Trainee: 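Below you'll find the structure I mean.
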Amino acid sequence: MHELSIAIRIIDIAEEESRKHDDACVMAVHLKIGCMSGVVIEALLSAFEIAREETLLAHAELKIEALPVKVRCPKCDCEQLADSIQCLCCSVCRTLSPEITQGRELEVVAVELEPLETVQ
């Protein structure tokens with residue numbers, strides 16, 4: 001279950017941002033997770049619940065945007081959704097594509113902070 005180590009790293013990143021803003025309260029962390037990232041979102045949410053206890057993120061939530069797989073189609077010469085993670089074909093012309101343009105992401109894209117005097 002590598003999701004626990006991922007959750008701990010997410011907390012580290014959010015705590016660093018909090019410290020940069022006078023220890024502001026972390027309200028939420030926004031993530032983008034591609035469906036080929038190898039992360040099980042439900043497992044990450046469970047790991048985050050455990051890992052956030054007694055941290056600056058004790059009441060924070062994870063807001064996750066799950067990203068589908070996109071490929072660059074060599075025939076259409078544009079980015080298209082893939083049929084599935086098992087079939088990396090252009091969804092328009094069905095040509096097999098070797099270039100994945102989206103779907104491997106695991107990114108912290110935003111940390112929502114609230115000044116401490118507002119929260120208390």
Side-chain angles (χ1 to χ4, degrees):
M1 183 169 154
H2 69 286
E3 281 80 1
L4 182 57
S5 61
I6 294 169
I8 291 169
R9 182 64 186 130
I10 291 167
I11 290 168
D12 290 344
I13 292 168
E15 286 183 332
E16 286 175 29
E17 282 303 308
S18 172
R19 284 187 203 98
K20 290 178 188 173
H21 296 86
D22 298 325
D23 293 328
C25 185
V26 179
M27 305 303 289
V29 180
H30 296 257
L31 305 174
K32 286 186 178 182
I33 299 178
C35 64
M36 292 183 73
S37 66
V39 175
V40 177
I41 291 175
E42 294 77 17
L44 179 60
L45 290 168
S46 295
F48 182 77
E49 290 291 320
I50 295 166
R52 73 179 183 172
E53 292 179 11
E54 299 183 26
T55 70
L56 294 175
L57 284 76
H59 302 291
E61 64 178 305
L62 281 184
K63 294 185 177 182
I64 298 173
E65 179 183 357
L67 301 174
V69 176
K70 289 185 177 178
V71 295
R72 172 147 315 273
C73 176
K75 187 174 180 183
C76 299
D77 195 30
C78 62
E79 188 179 67
Q80 299 287 351
L81 286 174
D83 280 350
S84 70
I85 61 172
Q86 291 83 24
C87 180
L88 300 177
C89 295
C90 172
S91 59
V92 175
C93 69
R94 317 278 307 147
T95 300
L96 184 63
S97 174
E99 185 181 352
I100 298 170
T101 59
Q102 177 183 286
R104 296 179 177 157
E105 298 84 352
L106 173 54
E107 300 174 84
V108 174
V109 292
V111 178
E112 284 183 42
L113 300 172
E114 193 80 30
L116 276 179
E117 61 270 7
T118 306
V119 177
Q120 295 173 349

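Fair warning: this is a prediction, and the values are worked out from it, not measured in the lab.
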Trainee: Side-chain contact test, heavy atoms from C-beta onward, threshold under 4.5 Å: evaluate it for F48 versus L4 and give yes or no.
Mentor: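 Heavy-atom side-chain distance check fails, nothing below 4.5 Å.
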Trainee: Out of curiosity, Q80 CD to D77 CG, how far, rounded to the nearest 0.5 Å?
Mentor: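 Answer for the CD-CG pair, Q80 versus D77, is 10.5 Å.
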Trainee: I need the C89 SG to K75 NZ distance, nearest 0.5 Å.
Mentor: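 One finds 12.0 Å between SG of C89 and NZ of K75.
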Trainee: Which residues pass the side chain to side chain donor-acceptor pair (under 3.5 Å) test with T101, sequence neighbours left out?
Mentor: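 Expected list: E79.
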Trainee: Answer whether the closest heavy-atom distance between the side chains of M36 and I100 falls below 4.5 Å.
Mentor: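 M36 vs I100: side chains touch.
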Trainee: Does a side-chain heavy-atom distance below 4.5 Å link L45 with E49?
Mentor: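 Counting from C-beta outward, L45 and E49 never come under 4.5 Å.
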Trainee: How long is the gap from NZ on K32 to CD on E65, to the nearest 0.5 Å?
Mentor: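 It comes to 5.0 Å.
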Trainee: Does any part of the side chain of T95, heavy atoms only, come nearer than 4.5 Å to the side chain of P74, both counted from C-beta?
Mentor: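 The answer is yes, as the side chains (C-beta and beyond) meet within the 4.5 Å cut-off.
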Trainee: In the structure I gave you, are the side-chain heavy atoms of E3 and V40 within less than 4.5 Å of one another anywhere?
Mentor: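 Yes; the side chains approach each other to less than 4.5 Å.
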Trainee: Say whether, by atom type as modelled, one donor and one acceptor occur between the side chain of S46 and the main chain of E42 under 3.5 angstrom.
Mentor: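 Present.
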Trainee: Determine whether a donor-acceptor pair (N or O, by modelled atom type, separation under 3.5 Å) exists between the side chain of S18 and the backbone of A24.
Mentor: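 Indeed, once roles are kept as given, a pair shorter than 3.5 Å links the two residues.
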Trainee: With side-chain contact (heavy atoms from CB on, under 4.5 Å) as the criterion, how do R104 and L67 come out once you've worked through the C-alpha distance, each side chain's angles and the decisive distance to 0.1 Å?
Mentor: CA-CA 9 Å; R104 296 179 177 157; L67 301 174; over 6 Å; no
Trainee: Taking 4.0 angstrom as the limit, do E16 and R9 come out as a salt bridge?
Mentor: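 Judged by the 4.0 Å cut-off on N to carboxylate O distance, E16 and R9 do form a salt bridge.
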Trainee: Under a 4.0 Å threshold between the charged nitrogen and the carboxylate oxygen, would E17 count as salt-bridged to K20?
Mentor: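 A salt bridge links K20 with E17.
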Trainee: Side-chain contact test, heavy atoms from C-beta onward, threshold under 4.5 Å: evaluate it for S97 versus C90 and give yes or no.
Mentor: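 In short, these two side chains do not touch, never coming nearer than 4.5 Å.
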Trainee: Would you say I13 ends up clustered with L44 if hydrophobic residues are merged whenever their side chains have heavy atoms under 4.5 Å apart, either directly or through other cluster members?
Mentor: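 They do share one cluster, since a chain of ILVMFWY contacts under 4.5 Å joins L44 to I13.
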Trainee: Please examine the side chains of C73 and C93, heavy atoms only from C-beta on, and report whether any two atoms are closer than 4.5 Å.
Mentor: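 Yes. Closest side-chain heavy atoms under 4.5 Å.
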Trainee: Step by step, would you call L56 with I11 a side-chain contact (heavy atoms from CB on, under 4.5 Å)?
Mentor: CA-CA 8 Å; L56 294 175; I11 290 168; over 6 Å; no
Trainee: Got L106 and I6 here, is their nearest side-chain heavy-atom distance under 4.5 Å?
Mentor: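 Yes; the side chains approach each other to less than 4.5 Å.
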Trainee: For the pair E15 and L57, evaluate side-chain contact (heavy atoms from CB on, under 4.5 Å) and give the outcome as yes or no after the intermediate values.
Mentor: CA-CA 8 Å; E15 286 183 332; L57 284 76; 3.7 Å; yes
Trainee: Between H30 and E112, does any side-chain donor sit less than 3.5 Å from a side-chain acceptor?
Mentor: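 Yes.
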Trainee: Would you say the side-chain atoms of E105 pair up with the backbone N or O of G103, donor to acceptor, closer than 3.5 Å?
Mentor: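 Yes, the answer is positive, given that a donor and an acceptor are paired below the 3.5 Å cut-off.
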Trainee: What is the distance from atom CD of E61 to atom CZ of R52, rounded to the nearest 0.5 Å?
Mentor: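 Result: 8.5 Å between the selected atoms.
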Trainee: In Å and rounded to the nearest 0.5 Å, what is the CD1 to SG distance from I85 to C35?
Mentor: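 With rounding to 0.5 Å, CD1 (I85) is 5.5 Å from SG (C35).
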Trainee: Heavy atoms only: give me the nearest V29-A14 pair and the separation to one decimal.
Mentor: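 Minimum heavy-atom contact is CG2-CB, 3.9 Å.
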